[in-house]
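Here is the structure we will look at, set down as structure tokens.
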Amino acid sequence: MEDGENGSAAERAIRRVEEDRDFVVELARELVRIPSVNPKFEVGEEINREADVQRVVAEQLEAAGMAVESYDVFPGRPNVYGHHEGSDERSLIINGHVDVVPVGDLSAWSVDPFGAEAREGKIFGRGSYDMKAGVAAAIAAARALHDCGVELEGRFEIHSAVDEEAGGFGTRDLVQRGRHASAAIIAEPTEGEIMTAEGGLEWVRVTIRGRNAHSGWRYRDIYPQPLGPERDNAGVNAAELAAGFIEAVGRLERDWGRRKPAHPLLPLGINTINPGVVRVGSGLDEEGLPAVMTNPAITPDVAVVDFDLKFLPTETSESVRKEFEEFVHHWAMQDTWLREHPPSVRWNLADLYFPPFDTPADHPLVELIKRQRAAQGKQANLTGFPAVCDGAHYAGEGITPVIHGPSGAGLHGADEWVEADSIVDAAKAYVAAAAGYCGTR
Ligand SMILES: [Zn+2]
């Protein structure tokens with residue numbers, strides 16, 4: 001994968017990142033100063049400025065000699081795709097997202113969330129750590145390679161995506177448009193570690209049906225009544241069925257967490273099943289939700305429970321879906337009413353799906369990043385990512401992802417910050433990875 005000349009080209013570009021360190025730090029600050037809150041969380045013309053961030057990204061990639069395309073994923077919310085032509089076999093993507101989560105409680109911040117204040121080697125602000133620093137580092141890597149005249153043999157791409165924080169529809173759009181490569185680095189913050197494993201995520205909806213009745217006659221739903229219509233037409237409370245179901249899912253969750261073989265790079269029990277949204281009422285509307293949710297005098301006949309179901313990197317979506325559906329079936333079989341009125345299970349809720357990944361520890365990208373960190377006297381450990389990120393969408397297309405990026409704190413919280421030096425380090429790692437993985441001509 002490398003020869004002497006290859007190494008020296010990479011080394012020149014890595015030195016260039018160091019000489020040019022103000023560029024990457026100031027670029028990260030410039031990006032933080034443009035509020036780009038994902039409009040799915042909070043709407044406001046002055047804060048939903050992903051497009052303005054993307055304009056800066058596109059200009060910088062063009063200045064770094066890349067061919068750049070930009071197109072809307074949602075109206076006014078463009079992705080930016082920059083690339084250098086090259087071979088498929090050694091093609092590499094560096095991915096970052098430009099949307100950020102809302103500021104939250106402003107009184108908890110000690111700095112202006114969009115001020116990009118620089119102090120004590122840190123840059124403060126919403127999106128500094130997650131993940132405009134990573135985007136800036138990817139751009140700085142492309143720029144250093146360009147400045148040093150390094151010609152890569154494999155295709156080198158930078159994907160700057162919108163909408164990561166709300167399902168990853170920006171990156172999904174890039175892969176659906178065929179922007180593929182053999183591997184991808186996700187420039188999310190990792191404290192300089194290399195994250196090679198991530199669980200999968202599904203959203204699943206379980207709809208449980210009961211039978212409407214008037215609460216005035218609830219006594220006969222509960223206590224034995226004489227044989228006859230009073231007994232036959234008793235209400236069946238869907239809220240209570242759902243409560244029992246949620247409890248049963250909790251037991252399944254603990255069983256999965258304790259008994260399924262743990263992944264060596266991930267905390268035990270990350271395969272959780274979170275009951276996140278519960279809706280109960282009467283009648284089913286066209287969207288599959290309870291039509292009436294305002295009258296507690298009705299014994300409800302519809303309960304809709306939405307779960308966020310996480311599975312292990314070593315599992316597949318198909319096997320987990322099957323297991324969950326069998327669980328629902330067996331739960332229902334224990335109850336006379338439910339046996340005749342089985343709950344329905346719906347996957348692909350809101351079109352959300354994150355495939356898992358488990359990149360081998362000896363993948364060339366891992367080796368290249370490790371070696372670059374070691375050259376600076378730093379160690380890059382392998383870890384797993386307990387949540388999900390855009391790497392999933394590449395993995396789903398057979399593109400091997402690793403996550404590697406800067407250091408900081410305050411993810412989605414107040415006083416978010418990123419360490420300036422760590423942005424420079426990330427840019428160097430990206431240069432080493434691009435030169436080593438893509439190879440030089
Ligand atoms: Zn992020």
Side-chain angles (χ1 to χ4, degrees), residues 27-29 31-32 34-42 47-50 53-54 56-57 73 77 79-80 93-104 113-114 116 123-139 158-175 184-201 270 308 310 352 354-357 383-395 401-419 422-423 426-427 429-430:
L27 177 59
R29 296 183 68 200
L31 300 181
V32 171
I34 309 172
S36 51
V37 173
N38 190 313
K40 290 179 183 172
F41 300 128
E42 193 178 355
I47 55 167
N48 301 147
R49 293 174 58 198
E50 283 165 308
V53 177
Q54 293 290 48
V56 176
V57 170
V73 178
R77 303 182 62 197
N79 276 344
V80 170
I93 295 162
I94 303 181
N95 168 286
H97 67 85
V98 297
D99 61 320
V100 301
V101 296
V103 164
F114 299 110
I123 298 164
F124 289 85
R126 172 57 81 236
S128 55
Y129 179 53
D130 180 17
M131 60 161 288
K132 287 171 173 175
V135 172
I139 293 170
I158 291 184
H159 292 185
S160 181
V162 294
D163 203 49
E164 189 271 348
E165 300 288 0
F169 291 94
T171 292
R172 266 174 68 166
D173 198 87
L174 279 155
V175 297
I185 299 173
I186 314 303
E188 291 273 13
T190 64
E191 313 306 302
E193 314 267 50
I194 307 169
M195 295 182 170
T196 54
E198 179 180 294
L201 180 71
I270 63 139
D308 174 285
K310 193 77 191 294
L352 183 136
F354 287 80
F357 63 85
T383 62
F385 189 45
V388 290
C389 76
D390 273 345
H393 305 305
Y394 293 110
V402 303
I403 317 172
H404 179 74
S407 310
L411 189 88
H412 296 197
D415 284 356
E416 177 179 345
W417 59 269
V418 65
E419 184 193 76
S422 76
I423 316 175
Y430 302 156

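Note that ligands are numbered from 1 as they come in the structure, with each ligand's atoms numbered from 1 the same way.
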Problem - Under 2.8 Å: N/O/S of Cys389 next to the Zn ion (ligand 1) - result: no
Practice task
Calculate, to the nearest 0.5 Å, the distance between atoms CG and NE2 belonging to Asp163 and His97 respectively.
Solution key: 10.5 Å
Practice task
With the Zn ion (ligand 1) as the reference point, give the N/O/S atom of Asp130 that is nearest.
Solution key: OD1
Exercise for the section: Over all heavy atoms of both residues, which pair between Val32 and Pro113 is shortest? Give the atoms and the distance, please. Expected result: CG1-O, 4.2 Å
Exercise for the section: Please determine if the Zn ion (ligand 1) has an N/O/S atom from Glu188 lying under 2.8 Å away. Expected result: yes
Practice task
Identify the heavy atoms of Gly192 and Ser407 that sit nearest to each other, and give their distance.
Solution key: N-OG, 3.9 Å
Handout entry: Member of Lys310, His393, Arg172 meeting the side chain to side chain contact (heavy atoms under 4.5 Å, CB included) criterion with Phe354
Key = His393
